[in-house]
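Here's the structure we're looking at; comments come further down.
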Amino acid sequence: MLDTLQDVLPEQDIAQDMRVPVVLIRGDGIGPEVADATCRVLEEVHKGFDWLEAEAGAAVMEKGIKSGLPPETLDKIDKVGLVLKGPLATPIGHGGKSSNVTLRKLYELYGNVRPIQPLPGLAGPFADRDINFTVIRENVEDLYAGVEHMQTPDVAQCLKLITRKGSEKIGRLAFALAEAEHRSSVHVVTKANIMKLTEGLFKSSVEDVARDHLNIDLDHMLVDNCAQQMVLRPEQFEVIVTTNMNGDILSDLGAGLIGGLGLAPSANFGDNVAMFEAVHGSAPDIAGRDLANPTALIRSGIMLLRHIGQTGAAARLSDALMQVYREGTHLTPDVARAGTGVSTMAFCDAVLAALTDIPERPVPAGTPLSLKRPHTARRNPLSTTRNFDGADVFVEWQGDAPKLALALETVLAGTGFDLTMISNRGTMVWPQAQGRPDTVNHWRCRLMAKAGSGADEADLPDLLQKLSQAVRWMHVEKLETVNGAPGYSLAQGQS
Ligand code: NAP
């Protein structure tokens with residue numbers, strides 16, 4: 001099942017008896033239970049692990065370290081570069097940022113590889129389907145950059161950051177993996193019909209990368225369609241490369257196809273650090289009850305073994321896992337037939353027992369292929385022309401659009417700028433409003449430089465000062481035409 005990844009991921013080739021230091025973060029909720037089970041089976045197939053325990057997550061946040069990541073943990077990761085991690089809980093709607101996302105960003109773990117491959121013997125609507133694809137999720141950009149601001153006391157904003165550099169890096173990883181796995185197609189999945197600049201840049205960057213891999217078909221699919229296609233015809237997918245948020249959701253959907261989050265592994269790759277973790281979170285509802293399924297983290301451990309070149313040990317553990325699932329008598333409650341579920345540790349014992357039937361095998365000769373460093377191959381093309389067009393000024397205003405326009409036009413008289421459009425939540429409300437859009441107290445006011453006025457960006461501070469006399473502005477976006485195309489979106493209803 002996961003064997004194909006051996007061709008892609010190894011960057012180190014370590015002799016079977018060599019000590020391998022791995023930073024072990026047990027994590028929150030069910031983390032310690034699934035981590036213990038995983039370490040037990042990994043130690044059985046490879047004797048050389050040195051687990052360097054490190055703290056992270058909720059308990060650390062409670063001690064007052066907002067990131068959930070103490071300096072000692074970061075030091076260990078810096079030194080060792082290899083991490084096995086249980087899930088880390090993140091408070092919802094308040095408190096510190098996600099320690100998971102912070103870890104991925106601190107070490108530029110840009111490539112999140114999530115194989116979706118079923119295990120034998122499981123019942124379910126997709127049990128007889130030929131599902132075998134990998135979601136490659138860009139892991140550090142998009143909304144997960146977590147750049148958020150309250151625009152008014154009632155309006156919150158999150159910046160969706162997509163870069164050509166980040167998109168090319170993940171595109172290269174996707175094609176490298178597709179080639180190493182002898183796949184024939186890659187789907188780039190976006191919402192570029194709606195977010196033409198951000199998701200559009202991701203799409204065009206991956207398409208640029210595809211020109212260097214003409215042996216592999218690249219298809220584009222919109223993310224909403226992809227979600228239903230994954231349910232209706234999952235067999236069509238081999239490799240899906242997508243933005244952070246899309247990838248987060250699609251890979252959980254993929255986990256659902258193969259029997260649930262308890263089964264789905266993942267690896268996070270950067271230039272210097274590789275971190276292996278389950279797709280699932282801390283599942284607080286079943287934490288501490290010896291009920292959690294450790295399969296996802298064990299499969300992540302199998303990916304780790306391949307990463308360090310222990311392909312024989314990886315294949316052995318994978319075979320043992322298959323055997324336990326094929327027999328179906330020692331499965332945790334999430335995947336067991338009703339009334340037959342066993343505890344986390346009993347499942348782990350069953351895997352260990354299965355291993356006794358599977359002989360040790362040497363690292364297969366001739367493997368692994370090495371993954372060409374995908375991030376260094378291409379230089380970003382530089383923009384050739386940029387022209388200043390004006391600015392979108394976002395203001396807080398309690399009245400209606402015509403009154404706001406009047407107030408702004410009064411201030412703008414005598415400046416080099418014209419008010420050309422006001423939108424509210426993205427929909428044009430002035431000079432014309434179509435339909436019946438509801439409004440909030442946060443308005444985008446598009447101020448364009450008057451033709452022939454000579455107004456340019458140097459005039460913006462003065463302009464803002466004048467605007468402050470009439471309105472409370474919150475932020476400003478410069479408007480530029482880049483290489484002949486507007487580098488900003490139209491409002492809905494604007495033509
Ligand atoms: P979750 O922890 O993944 O759990 C969702 C549900 O999936 C659980 O309630 C449980 O369902 C089932 N499940 C997940 N893992 C399982 C396993 N190993 N064995 C059996 N069942 C399993 O998602 P969540 O409840 O949305 O998130 C909880 C916390 O985890 C949040 O703080 C979130 O931020 C964090 N999180 C962390 C990571 C990470 O560390 N990479 C990833 C995702 C979420 P049943 O109700 O059927 O028991």
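Atoms within each ligand, like the ligands themselves, are counted from 1 in listed order.
Residues Pro294 and Ala37 come closest through the heavy atom pair CB-CB, 3.7 Å. Closest approach of Met245 to Asp142, counting heavy atoms only: N-OD2, 2.9 Å.
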(request) Kindly determine whether Leu317 and Val351 satisfy side-chain contact (heavy atoms from CB on, under 4.5 Å), including the steps that lead there. (result) CA-CA 8 Å; Leu317 182 50; Val351 176; 3.9 Å; yes

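Two residues are said to be in side-chain contact when any heavy atoms from C-beta on lie closer than 4.5 Å; Val189 and Phe237 fail this criterion.
Remark: of the listed residues Glu138, Arg137, Glu199, Glu199 is the sole one forming a side-chain hydrogen bond (donor to acceptor under 3.5 Å, both in side chains) with Asn246.
Protein residues with a heavy atom closer than 4.0 Å to ligand 1 are Ile30, Lys85, Pro87, Leu88, Ala89, Thr90, Asn100, Arg104, Leu261, Gly262, Glu277, Val279, His280, Gly281, Ser282, Ala283, Pro284, Asp285, Ile286, Ala292, Asn293, Asp334, listed by chain and number.
Donor-acceptor pairing under 3.5 Å is recorded for the side chains of Asp248 and Tyr144.
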